Amino acid sequence: MARIPFVDPDACISCGLCVEAAPEVFRFNDATVAEVYDPTGASEEKILEAVEGCPVGCIYWEE
Ligand code: SF4
């Protein structure tokens, strides 16, 4: 099964890079922190770009 990404909302600084990298997967919620709304909305490779691009490293994988 594919890995599922998730965002630690307490650590997110709302920079928007993940939303820019994979808008099919990440969006800003009402509290203006990033959240995963469709974990399979993009390829794992594309999601990995967002994970690696997060400046505070607050996007994690769940098996
Ligand atoms: S890249 Fe990281 S810090 Fe930036 S909005 Fe996404 S989860 Fe938050």
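Only a predicted model underlies this, so the values are computations on that prediction, with no experimental measurement involved. As a basis for the values below, the full set of heavy atoms in this structure was taken, side chains included, without hydrogen atoms, waters or symmetry mates. Residues: numbered from 1 along the sequence shown. In each ligand, atom 1 is the first atom listed, and ligand 1 is the first ligand listed.
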Practice item. Specify the closest pair of heavy atoms between Leu17 and Pro55, including all atoms of both residues, with the distance to one decimal. Key: CD1-CD, 4.0 Å
Point to revise | Protein heavy atom at shortest distance from atom 5 (S) of ligand 1 | key: Gly16 N, 3.3 Å
Review point. What closest approach, in Å, do Pro39 and Ile47 show between heavy atoms, and which atom pair accounts for it?
Key: O-CD1, 3.5 Å
Review point. Would a 4.5 Å heavy-atom cut-off, applied to side chains only, mark Val7 and Phe26 as touching?
Key: yes
Practice item. May I ask you to identify, for Ile59, whether its side chain, its backbone, both or neither come under 4.0 Å of ligand 1 on a heavy-atom basis? Key: side chain
Point to revise | Phe28 and Ser14, any side-chain heavy atoms less than 4.5 Å apart | key: yes
Point to revise | atom 8 (Fe) of ligand 1 - nearest protein heavy atom and its distance | key: Cys12 SG, 2.3 Å
Study note, to complete from the structure: For Val56, the ligand 1 atoms with a heavy-atom partner under 4.0 Å come out as 3 (S)
Review point. Is the shortest distance from a Lys or Arg side-chain nitrogen in Arg3 or Glu62 to a carboxylate oxygen in the other one below 4.0 Å?
Key: no
Review point. Looking at Cys58, which atoms of ligand 1 are within less than 4.0 Å of one of its heavy atoms?
Key: 2 (Fe), 7 (S)
Practice item. Specify whether an N/O/S atom of Cys15 falls short of 2.8 Å from atom 6 (Fe) of ligand 1. Key: no
Revision key, fill the gap. For atom 6 (Fe) of ligand 1, the closest protein heavy atom turns out to be Cys18 SG, 2.3 Å
Study note, to complete from the structure: the protein heavy atom lying closest to atom 3 (S) of ligand 1 turns out to be Ile13 N, 3.4 Å
Practice item. Answer yes or no as to whether an N/O/S atom of Cys54 is found below 2.8 Å from atom 2 (Fe) of ligand 1. Key: yes
Check your understanding: Of the backbone atoms (N, CA, C, O) and the side-chain heavy atoms from C-beta on, which set of Val33 has a member under 4.0 Å from an atom of ligand 1: side chain, backbone, both, or neither?
Key -> neither
Review point. Are any non-hydrogen side-chain atoms of Val25 and Asp38 less than 4.5 angstrom apart?
Key: no
Check your understanding: What distance do Ile59 atom CD1 and Cys12 atom SG have between them, rounded to the nearest 0.5 Å?
Key -> 8.0 Å
